[in-house]
Amino acid sequence: MQIERPRDLDELLAGLDSHPEATLLAGGTDLMVDVNLSHHRPETVVALRRVDDLATWDDGFIGAGVTYARMEAGPHPALAQLARTVGSPQIRATGTIGGNLGTASPAGDTLPFLAAVDAEVVVASRGDRRRLRWEDFLLGPKHTALRPGEVIVGVQLPERLPQRQAFAKIGVRQAMVIATVNCCVVRDEDGKTRIALGAVGPTVVRTPAAEELVSSQQQVSATMLDEFQRLVSDDVTPITDHRATERYRRHAAGVLARRTLERCLPR
Amino acid sequence: MSEVTVSRPPVRGGVGESVQRPDGIPKVTGRFEFLGDMHAEGMLWGATRRAWVPHARIERIDTTPALALPGVHAVLTQDDVPGHRYQGQALTDQPVLAEERVRYWGEAVAVVAADDPETARRAAEAVVVELEELEPLTDLELARDRGEVFRHIPVRRGDPDAHGEVVVEGTYVTATQDPAALGTEAGLAIPDGQGGVDLWGPTQWTHVDLTQLAACLALDPGQVRVQPCRIGGAFGSREDLSLQTHIAMLALRLDRPVKMVYDRTESFVGHVKRHAGLMHYRHEADRDGHLVRVDAQILLDGGPYQLTSQAVIANSTFFAVGPYRCDNVFVDGYALRTNNPPSGAMRGFGANQPCFAAEAQMDRLADELGLDPIELRLRNAITQGDRLATTGQLIEHPLPTDEVIRSVTAIPLPEPEDDDEPLHLPGGTGLTTPRDRVVRGIGYAVGLKNLEFSEGFDDFAEARVELTADGAVVHTAAIEVGQGMVTVIAQVVRSVLGMSRVEVAFDHTGQIGSAGSTSASRQTQMAGNAALEAATVVRDKALEAGGGDHLDDAGVWRGDTLVTSLAALTADGPIDHHVRYRHRPTDEPDADGQGELHVDFCVAAHRAVVDVDPDLGLVRVVEIAIGQDVGRAINPQQVHGQIEGGIAQGMGHAVMEEVVLDHGVIRNASFTDYLLPTTLDAPTVEAALVEQPSPWGPFGAKGMAELPTMSATPAVVAAIRAATSLPLTRAPVHPEDIVTGPHDAPE
């Protein structure tokens, strides 16, 4: 096994150019599990941690190497909330937003936030740089639009983010648990609301009908919340697996979305 | 002499003191050498080729591709087993490596030894195993109907025509629980160059390993030295062999040390689990709530090999009624053969499953009678002088059922909470649950279990106490698995000798006879009594030789005068004494399951307080209080440690811990998906120790470490029932069970 340890973005992109099929190692919290289980035996590994360019966080641009620990202390409430739910302190100190995107698990915890705020994923290869909308990047379970020779540089958030934002996640433990359902809601002052849910479909999903229902309303009545909950439950496409049943996930998605929206409404 | 003894200050580090464990600080600072850390010069690494199907016929095994890899030294299959090809504690029915058939998911088919762990792993994968898959048998009722029975125990006590006015019936299920010891299976085998082998492996009883190993390796028992080991937890799962025979075979074949370490997934298939249970119960009582009759059928899933299932089902059957009086009892217990993962010993050893069912029945009965559930239990509580409901055995020793119930109810309830701290709410850091959606519930359960081995087993423990100029050393083959026996034995001997300089030396099988298993809550009393008797003789010999009336670290004293120093006393050699301690004999059950089957009993009562989010089915266990029978606490801090750990394990099985089985395949063989409670999930624990001295335990002590787990599970589920008004007849309770109906595992 060959390990490349580039120190800046140019070196990284040059390395990827000569090893386009290399396995990218960020925090290693997903990759090393696969390696330990012998699911994956990479020939060439490019380690990203020394690439300082990836660790920048500049207003609306969050570098791929930004860790959950930094997100937890960052300015965006929903991002901080989701970061707190990820793993143990050790995992949060090493796991990154770029890694979460690269793994593209349906249950990835940063993904509902990125989808709810309509973030773009910035990827680069030698001599090229692309910005993809989140839904053009996340193509399916553990499947992204990243091409050989490309690396995730970071995510670009829109210029203005709603301050009303909230994240919630269902798991069977009080912490350190993979999401059964996770959810992020953001709401503008004018009422425009976006909601995204994870672990209830092949990728993170938005539920447009539910968004539309509450987006035009300054005041959201209890009846409307009931309808909102129902629309979310109807729109998601969960599966049954060893973590939860399809029926539970569908129900819980509605309840969780409603409660997360309620946290974004004026009290 | 006794007056002199009493007037002196008690010895430092003796009985009743919370003496610190000698291995405590090394363990928490990472300096303790666990099995997996061991190293031997020139050692090779072993790995195991497993078959990932629950049931198959083996068509062909081809080891040549593995042997062809550079760095691979040997690949062995069942054909290479030098001696007896099967192992097992009672019935030797488990092939050392799969033979003709694969009978459970992950069964070992071949083992390899190579220069390094990665080469070994690749070589294991390179072994060609051609299988014809067969339909797995995974349904308990089907297994019973097909006669796949390891053991059936009938209990027929009392009048078959007796009936009570008030009747409650129910069917209960407990899922498979994994012991989930933090240290995975690991071992090292070192050939001695003369055809024998020294073996370090994950064990709770080196001498029972020795019997099986010597037979399989075709060696004289004296040629195999099973070494005491430093293992990271057991909970019963190390009573049966895992990798020991495999590494010993490889080491002897190659004449080189071989080490093997299971990874976490392998560990899930490499050790035994708590039997899943399916139980039908019918309780009948009179209008005052006195039990008149109990009928039960208990099915336990043993997996494909017997291991300890014949003894586990005995506990399930004989503790089917719990700690209550009842004169008419009819139970059928079955341990069944299936293609699910092998089951065996786990903390509580078969008494937990019926405890879950019977305690739920007691709550139903209380509800039916309009009685307080505590009052119903007190009216039926068994105590000294009563007879065990199932076997009819007279309870001869103190059994404070009434007292543990009263002591737990006397502990004040936790204050209601009104804050919004996420960790104080169901869902925790997930921020799922607003305070106003929380419903609190309170539940109770009481557990009863035997101490030591039962049913006529010749149960003994050896110890040797040796006094030298440096102090006393207690030699034993009893295994310290993290439970704290190393401290308890030393404390007992300190109090006997009056000396603080006492250490415990763990001997291998060639140095001392068996101490029996570190299980069945037995070592405090068994190894403890052996050490106590040996120390008593050593003390008396020392006093006689030294011409004094008491002993301390300096030597032998007469009154206030030191008459003989330790150095002088032991100038001609150590003073020592060896003891084989036996508890009083027990009977085998007669055809109706009757007799004096058990030597003694222990009891505990739990009260669980839970907060439930009924819309999402999330549960936070707020507090568990326990009243615990201990006889006498030799080391109170360790007793509390056992209580806290046991409660975490019991509550884990109530709300999350389940080996998810899908037609024999484990769907969650990792700590990502087999969820254990973390420190943020573990409840506050309030414990009341009930000290009614055992007439035969050392200084009145009883074994106690299984009880905290047993009735924690039913107490938590009872509390969730109280919060939700749902029947909840299956443990663990998943969010689905609360919100959208019964758990429907993947088809």
Side-chain angles (χ1 to χ4, degrees), chain A residues 1 29-30 33 35-39 41 72 77-78 80-88 91-92 107 109 166-184 229 233 239-256 258-260 262-263, chain B residues 118 121-122 124-125 263-265 422-434 437 613 615-621 652 655-658 660-662 666-682 732 734-747:
Chain A
M1 185 167 63
T29 59
D30 289 327
V33 173
V35 170
N36 284 337
L37 292 173
S38 304
H39 290 162
R41 284 199 171 116
E72 207 178 334
Q81 289 161 12
L82 74 86
R84 173 67 185 91
T85 71
V86 175
S88 59
I91 295 289
R92 297 199 289 278
D109 286 318
F167 174 87
K169 161 172 158 181
I170 296 172
V172 174
R173 282 199 294 225
Q174 294 290 90
M176 207 165 92
V177 64
I178 289 176
T180 303
V181 181
N182 55 13
C183 171
C184 185
Q229 179 177 334
S233 283
I239 56 163
T240 291
D241 64 13
H242 57 274
R243 290 187 193 129
T245 60
E246 183 268 340
R247 197 149 63 108
Y248 174 77
R249 282 195 167 105
R250 190 178 288 286
H251 162 86
V255 173
L256 198 67
R258 176 199 185 126
R259 288 182 179 176
T260 314
E262 284 177 318
R263 284 161 54 197
Chain B
E118 181 61 18
R121 195 153 71 165
R122 285 173 192 255
E125 284 172 27
D263 68 22
R264 184 58 61 188
T265 300
L423 293 174
H424 294 172
L425 291 161
T429 58
L431 306 175
T432 55
T433 305
R437 301 303 307 160
D613 175 346
D615 303 317
L616 291 177
L618 299 175
V619 176
R620 174 183 168 237
V621 182
V655 294
M656 59 182 87
E657 283 191 50
E658 170 172 4
V660 178
L661 289 169
D662 176 8
I666 302 178
R667 293 295 183 198
N668 59 341
S670 74
F671 279 172
T672 304
D673 281 316
Y674 184 86
L675 294 181
L676 295 161
T678 74
T679 186
L680 297 182
D681 303 290
H734 296 291
E736 279 88 342
D737 303 324
I738 296 172
V739 178
T740 44
H743 182 76
D744 45 7
E747 289 305 309

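Quantities reported herein were computed from a predicted structural model and do not represent experimental measurements. So that the names make sense, note that chain A is the first sequence line, chain B the second, and so on, each numbered from 1.
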(request) Step by step, work out the side-chain contact (heavy atoms from CB on, under 4.5 Å) result for D615(B) and R258(A). (result) CA-CA 12 Å; D615(B) 303 317; R258(A) 176 199 185 126; over 6 Å; no

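Interface remark: V181(A) contributes no atoms to any contact with chain B (heavy atom separation under 4.5 Å). Of the two parts of I239(A), neither the backbone nor the side chain holds a non-hydrogen atom closer than 4.5 Å to a non-hydrogen atom of chain B. The part of R41(A) that comes within reach of chain B is its side chain, from C-beta onward, which places non-hydrogen atoms under 4.5 angstrom from that chain. Both the backbone and the side chain of R173(A) come within contact range of chain B, judged by heavy atoms closer than 4.5 Å. Only the side chain of I178(A) comes within contact range of chain B, judged by heavy atoms closer than 4.5 Å. Using a 4.5 Å cut-off between heavy atoms, R264(B) makes no contact with chain A at all. At a 4.5 Å heavy-atom cutoff, the contact between T433(B) and chain A is made by backbone and side-chain atoms alike. Using a 4.5 Å cut-off between heavy atoms, N182(A) makes no contact with chain B at all.
With a 4.5 Å cut-off on side-chain heavy atoms, E736(B) and R247(A) do not count as touching.
Closest approach of Y248(A) and L616(B) over heavy atoms only: OH-O, 2.5 Å. Nearest heavy-atom pair across L680(B) and A175(A) is CD1-CB, 3.6 Å. Contact record, D263(B) with N36(A): OD2-O, 4.1 Å, taken as the closest heavy-atom pair. Listed here is the closest heavy atom pair of V35(A) and R121(B): O-NH2, 3.9 Å.
To the nearest 0.5 angstrom, H242(A) atom NE2 is 12.5 Å from I666(B) atom CD1.
Taking chain A as the reference chain and counting heavy-atom pairs below 4.5 Å, the highest number among P422(B), P434(B), G430(B), P426(B) is found for G430(B). Comparing M176(A), R250(A), Q174(A) by heavy-atom pairs within less than 4.5 Å of chain B, the highest count is held by Q174(A). Counting heavy-atom pairs closer than 4.5 Å to chain A, the top-ranked of the candidates L675(B), V619(B), T678(B), D673(B) is D673(B).
For R263(A), the side chain to side chain donor-acceptor pair (under 3.5 Å) partners two or more places apart in sequence, or in a different chain, are Q81(A). In this structure, the side chain to side chain donor-acceptor pair (under 3.5 Å) partners of T85(A), at least two apart in sequence or on a different chain, are K169(A).
Checked by atom type and distance alone, the side chain of R259(A) pairs as donor or acceptor with a backbone atom of T432(B) at under 3.5 Å.
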